[in-house]
Amino acid sequence: MRTAAVSAISAKLLMSPGAEVLAILGTGKQALSHYNVFTEIFSFKEVRVWSQTKERVERFVRSVEGPVRGCSSAEEAVRGADVIVTVTRSTEPVLYGQWVKAGAHVAAVGACRPDWRELDDMLMKSAVVYADSREGALSESGDVILSGAEVFAELGDVINGTKSAQREKTTVFKSLGMGVEDAVSAKLVFDQWTAKATKS
Ligand SMILES: NC(=O)C1=CN([C@@H]2O[C@H](COP(=O)(O)OP(=O)(O)OC[C@H]3O[C@@H](n4cnc5c(N)ncnc54)[C@H](O)[C@@H]3O)[C@@H](O)[C@H]2O)C=CC1
Ligand SMILES: O=C([O-])C1=[NH+]CCC1
């Protein structure tokens, strides 16, 4: 859930204000938590999902409570989408720059190893790239390292106002996960548990 929460912060800061279509590539655990968080926080008119097999797409569509359209290709899912979440275990690109609408926001969550890819070079080089941690992205993200793309800013730089949120451009948020996110999540759970325990 904390990974999806961070992706939602990236979308809040970087997606175009009139975003209507969300596409999710992947149908595993992260896909489900991203679906739940993004549909809870935002009001997309359409949500699309794609995965490697038809069976996985159908299982995902059955498992969620809200509407979602299963797609038979990644291209079909992402063409025209305003926000794209990549949550696969792929080691090769599944999302190509030529399919991505100008001004779209991509939350790139998979490919967390230096030789793994989810996004192609065209997308990485044409987008404004943000990361949770610049240091992490430069040592762990195949999409950043192998494309040679520049990391424009950390998400924290945008939150504290030292770097701009370039919403009008195509943006990529490269998520790798940080210990501080786990610590904050653990504190939230602990605080809620303590509050409940004190009431009873
Ligand atoms: N950035 C972050 O903070 C975090 C990143 N991750 C990463 O997110 C990714 C997804 O994690 P989970 O949902 O837990 O995994 P999962 O195993 O539950 O789901 C993986 C999904 O990827 C799809 N997939 C696998 N190989 C593929 C390929 N070659 N092409 C297209 N789709 C493929 C599967 O069909 C499945 O839908 C993993 O790469 C994981 O390492 C996970 C947790 C935190
Ligand atoms: O932060 C995290 O838990 C992970 N990041 C990459 C795989 C798992």
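Side chains included, hydrogens not; waters and symmetry mates left out as well; all remaining heavy atoms used. As the structure lists them, so they are numbered: ligands from 1, and atoms in each ligand from 1. Start at 1 with the first residue, then count along the sequence. As the structure is a computational prediction, the values presented were derived from the model and not from experiment.
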inquiry  = Pairing donors with acceptors under 3.5 angstrom, does anything connect the side chains of His105 and Ser16?
reply    = no

Heavy-atom closest contact (Leu119 atom, Arg117 atom, distance) = O-NH2, 2.9 Å

key: Residue, atom name and distance, where the atom is the protein heavy atom closest to atom 11 (O) of ligand 1   = Gln30 CG, 3.6 Å

key: Derivation of the side-chain hydrogen bond (donor to acceptor under 3.5 Å, both in side chains) call for Asn160 and Thr162   = CA-CA 6 Å; Asn160 69 25; Thr162 55; 2.9 Å; yes

query = Are Lys174 and Tyr130 in a cation-pi contact, defined as NZ or CZ under 6.0 Å from the six-membered ring centre and within 45° of the axis?
reply = no

inquiry  = I'd like to know if Val184 and Ile159 are part of one continuous hydrophobic network [Ile/Leu/Val/Met/Phe/Trp/Tyr, side-chain heavy atoms within less than 4.5 Å].
reply    = no

request  = Specify the protein heavy atom at minimum distance from atom 5 (C) of ligand 1: its residue, its atom name, and the distance to 0.1 Å.
outcome  = Val109 O, 3.2 Å

ask   = At a non-hydrogen distance cut-off of under 4.0 Å, which region of Arg56 contacts ligand 1 (side chain, backbone, both, or neither)?
value = side chain

message = Can you report which non-hydrogen protein atom sits closest to atom 19 (O) of ligand 1, along with the distance?
response = Gly28 CA, 3.3 Å

inquiry  = Using a 4.0 Å cut-off to any heavy atom of Leu176, which atoms of ligand 2 qualify?
reply    = 1 (O), 4 (C), 5 (N), 6 (C)

remark   = ligand 1 atoms nearer than 4.0 angstrom to some heavy atom of Gly177 are 1 (N), 2 (C), 3 (O)

task = Supply the atom-to-atom distance Trp116 CH2 to Ser90 OG, rounded to the nearest 0.5 angstrom.
result = 9.0 Å

task = Could you tell me whether a side-chain N or O of Gln30 sits under 3.5 Å from a main-chain N or O of Val109, the two making a donor and an acceptor?
result = no

ask   = ligand 1 and Trp116, any nitrogen or oxygen pair closer than 3.5 angstrom?
value = no

inquiry  = Measuring from atom OG1 of Thr3 to atom NE2 of His34, what distance do you get when rounded to the nearest 0.5 angstrom?
reply    = 6.5 Å

Pairwise distance CD1(Ile84) to CE(Met15) - rounded to 0.5 angstrom = 13.5 Å

inquiry  = With a heavy-atom distance limit of 4.0 Å, tell me whether Phe173 approaches ligand 1 through its side chain, its backbone, both, or neither.
reply    = neither

request  = May I ask you to identify the nearest protein heavy atom to atom 3 (O) of ligand 2, giving residue, atom name and distance to one decimal place in Å?
outcome  = Arg2 NH2, 3.4 Å

inquiry  = Need the ligand 2 atom indices (1-based, order shown) with element for anything under 4.0 Å from a heavy-atom of Cys112.
reply    = 6 (C)

ask   = In terms of residue, atom name and distance, what is the protein heavy atom nearest to atom 17 (O) of ligand 1?
value = Arg89 NE, 2.8 Å

request  = Give the contacting part of Ser175 toward ligand 1: side chain, backbone, both or neither, where contact means a heavy-atom distance below 4.0 Å.
outcome  = both

remark   = The reported gap from CE in Met1 to OG in Ser185 (rounded to nearest 0.5 angstrom) is 10.0 Å

task = From the options Asp182, Thr3, Val87, select the one whose nearest heavy atom is closest to atom 21 (C) of ligand 1.
result = Val87

From Leu155 atom CG to Arg134 atom CZ, the distance as rounded to the nearest 0.5 Å = 12.5 Å

Closest protein heavy atom (residue, atom, distance) for atom 25 (C) of ligand 1 = Gln52 OE1, 3.4 Å

query = Cut-off 3.5 Å, side chains only: do Thr88 and Glu118 have a donor facing an acceptor?
reply = yes

key: Under 4.0 Å to a heavy atom of Arg2 - the qualifying atoms of ligand 1, by number   = 3 (O)

request  = Give the atoms of ligand 1, by number and element, whose distance to some non-hydrogen atom of Gly26 is under 4.0 Å.
outcome  = 37 (O)

Short side-chain donor-acceptor distance under 3.5 Å, Glu76 and Ser72 = yes

inquiry  = I need the nearest protein heavy-atom contact for atom 38 (C) of ligand 1: residue, atom name and distance, please.
reply    = Thr88 O, 3.6 Å

ask   = Within the structure, does at least one protein heavy atom fall under 4.0 Å of atom 6 (C) of ligand 2?
value = yes

remark   = Taking only non-hydrogen atoms of Gly177 and a 4.0 Å limit, the atoms of ligand 2 in range are 1 (O)

task = If you have a sec, work out which protein heavy atom is nearest atom 37 (O) of ligand 1 and how many Å separate them, to one decimal?
result = Thr27 N, 2.7 Å

note = So the atoms of ligand 1 within less than 4.0 Å of a heavy atom of Leu176 turn out to be 1 (N), 2 (C), 3 (O)

request  = For ligand 1, note which part of Ser90 has a heavy atom under 4.0 Å away: side chain, backbone, both or neither.
outcome  = both

